[in-house]
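Notes for the one structure printed next.
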Number of protein chains: 2
Amino acid sequence: MHPTNRLETAPPARPLRADAARNREALLAAASAEFAAHGADASVADIARRAGIGKGTVFRHFPTKEHLLGAIVLDRLVTISELGEDLLGAGDAGRALLEFLTAACERVQQLDLSFLLAASPAVLAEPAVSAAQERMFGVVGALVARAQEQGAVRADVTGPDVILLMCAPSHAASPLQDSDPGLWRRYLGVLFDGLRPEGAHPLPHPPPAAPVP
Amino acid sequence: MHPTNRLETAPPARPLRADAARNREALLAAASAEFAAHGADASVADIARRAGIGKGTVFRHFPTKEHLLGAIVLDRLVTISELGEDLLGAGDAGRALLEFLTAACERVQQLDLSFLLAASPAVLAEPAVSAAQERMFGVVGALVARAQEQGAVRADVTGPDVILLMCAPSHAASPLQDSDPGLWRRYLGVLFDGLRPEGAHPLPHPPPAAPVP
DNA sequence: AGCTAACCGGACCCGGCGGTCAACTTATTC
DNA sequence: GAATAAGTTGACCGCCGGGTCCGGTTAGCT
């Protein structure tokens, strides 16, 4: 086991050396960009090259490529959760939910959120990641519940529904990602209209118990 | 170049030998199942094993794994297009569109339709595939137009919108594919409510010119 | 039955991947 | 300015997947 396979959280026993900290930051930035561009299949060699470091250095900071992915995913989850918690205090809960979904799609950009849910077991096994996932689930559930209390969202959808649906707009728009980067906003609009109570028709299938198996 | 790298269409100059035809059918069935289970990354070796044939035989029928994928995609596109053309004569155009989308999601199941759009260049380069794609685009456009004329679908969405959105339900439900295989119906319901005119809010982004770059 | 061309199959090649390691470099400390 | 622990590196390994090939097999015709 490597000495520095921690995952962002918890201050290290001894602080990193200056150059190591720099490299780690560059590595995370490069990994984020490369995963965004090529999905979870981005190669470690490419990430290292983009970061301007050697391949070996990558594995010094993260024992496995999946752990590196886990760090990125964790960052996204925490960012989104914090944003959602801020919005929980907003007066207009429907607007807050829409704002939350917009920001979530924006942060995640083309890095498909779907692997936040169906991520490989190795990533989800990391306690920090699954904890952050639970946190986000809770936040979304609360936002949805408040929006429903105010009549801004139809009563027959659930938190897990919204979690599963929230990555749909950016995914639907992904074929035109390059030529029309803002298209996901349009499809988030369509989705949100589908979540509204006005003109809602009964849904032909019960909601899932949880967004993960 | 292989002698039999055709792609379903056009009767061969000379008919295939009996065993070759059998193997080809088994190969297509196995490839369909394997692609459905593991996405486009399914390995040729696995496909051959499932079909009960040797790996070399796969490449005798299709010069490349991508051509094999192309054949599957082509089949899906043609099936869906035919179904859509049948439904063009239906009286209730809104119901027809919903039925079409339901059938499309059903046929495609977990085999994500997204690579019908963002498919690798090699697959789309095949004239038969791009022709079938154009055909499906036309059918969807016509179904949407008729539904709009009857006031069953909001006026500010377009054919390309629906094409991009039609794979969203099955994709959103995919994390729970195994535990709840019919969940996509629920999300198709949400999407379709979002496409209805009642309660529609203005969309924050213009529609794309075409669903492919 | 016998002939032939089409067909089959799995051993093989090659490139790219994640991951390892021992030699080298450098930040830090006294 | 040593001394040393921490950090870096890129050559290297094993593995896996797509694609090739040739010796053996078999369907179809006469």
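Just so it is clear: chains get the letters A, B, ... in the order the sequence lines come, proteins before strands, and each one is counted from 1.
- At least one side-chain nitrogen or oxygen of B:Asn23 sits closer than 4.0 Å to the OP1 or OP2 atom of C:dC8.
- The distance between atom CZ of B:Arg49 and atom C1' of D:dC16, rounded to the nearest whole Å, is 12 Å.
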ask   = Quick one: what's the B/S/- string for nucleotides 25-30 of chain D, heavy-atom cutoff under 4.0 Å, read 5' to 3'?
value = -BSS--
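- Rounded to whole Å, atom P of C:dG16 lies 17 Å from atom CG of B:Asp41.
- A:Glu34 has its CD atom 11 Å from the P atom of C:dG18, to the nearest Å.
- If you measure from atom NZ of B:Lys55 to atom P of D:dG18, you get 7 Å, rounded to the nearest angstrom.
- The structure places CE of A:Met166 at 15.0 Å from NE2 of A:His171, a figure rounded to the nearest 0.5 Å.
- No side-chain donor-acceptor contact under 3.5 Å links A:Asp46 and A:His38.
- Atom CG of residue A:Leu74 and atom CD of residue A:Gln133 lie 11.0 Å apart, to the nearest 0.5 angstrom.
- Smallest separation of non-hydrogen atoms from B:Pro169 and B:Trp184: CB-O, 3.6 Å.
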All N/O contacts under 3.5 Å from nucleotides 21-24 of chain C to the protein, with atom names and distances to one decimal?
none

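- Atom-to-atom distance recorded for A:Leu188:CG and A:Cys167:SG is 11.5 Å, nearest 0.5 angstrom.
- Nearest heavy atoms, B:Ala132 versus B:Val78: CB-CG2, 4.4 Å.
- Residue A:Thr64 places at least one side-chain N or O under 4.0 Å from the OP1 or OP2 atom of C:dG19.
- Contact check on A:Asp193 versus B:Arg154 returns a salt bridge, with a Lys/Arg side-chain nitrogen under 4.0 Å from an Asp/Glu carboxylate oxygen.
- With sequence neighbours excluded, the residues forming a side chain to side chain donor-acceptor pair (under 3.5 Å) with A:Glu85 are A:Arg135, listed by chain and number.
- Rounded to whole angstrom, the span from the CD1 atom of B:Ile47 across to the P atom of D:dG19 amounts to 11 Å.
- Distance A:Arg60 CZ to D:dA5 P: 14 Å, rounded to the nearest Å.
- Checking C:dT20, D:dT20, D:dT8 against every side-chain atom of B:Phe59, the shortest atom distance belongs to D:dT20.
- Contact annotation: B:His61 side-chain N/O to C:dC8 OP1/OP2 distance is under 4.0 Å.
- The minimum heavy-atom distance linking A:Pro160 with A:Ala209 is given by the pair CG-O, 3.9 Å.
- Checking A:Ser32 against A:Arg76 by side-chain atom types alone, a donor-acceptor pair falls below 3.5 Å.
- B:Glu66 places its CD atom 11 Å from the C1' atom of D:dG18, with the value rounded to the nearest Å.
- Both B:Asp46 and A:Gly52 lie near DNA chain D, and the one whose nearest nucleotide falls closer to the 5' end is A:Gly52.
- Remark: B:Lys65 is in phosphate contact with D:dG18, judged by side-chain N or O atoms under 4.0 Å from OP1 or OP2.
- Across all strands, A:Ala48 comes closer than 4.0 Å to no nucleic acid atom at all (heavy-atom distances).
- Atom CD1 of A:Ile53 and atom P of C:dT26 are 16 Å apart (whole Å).
- As judged by a 4.0 angstrom heavy-atom cut-off over every strand, A:Ala21 is placed among residues making no nucleic acid contact.
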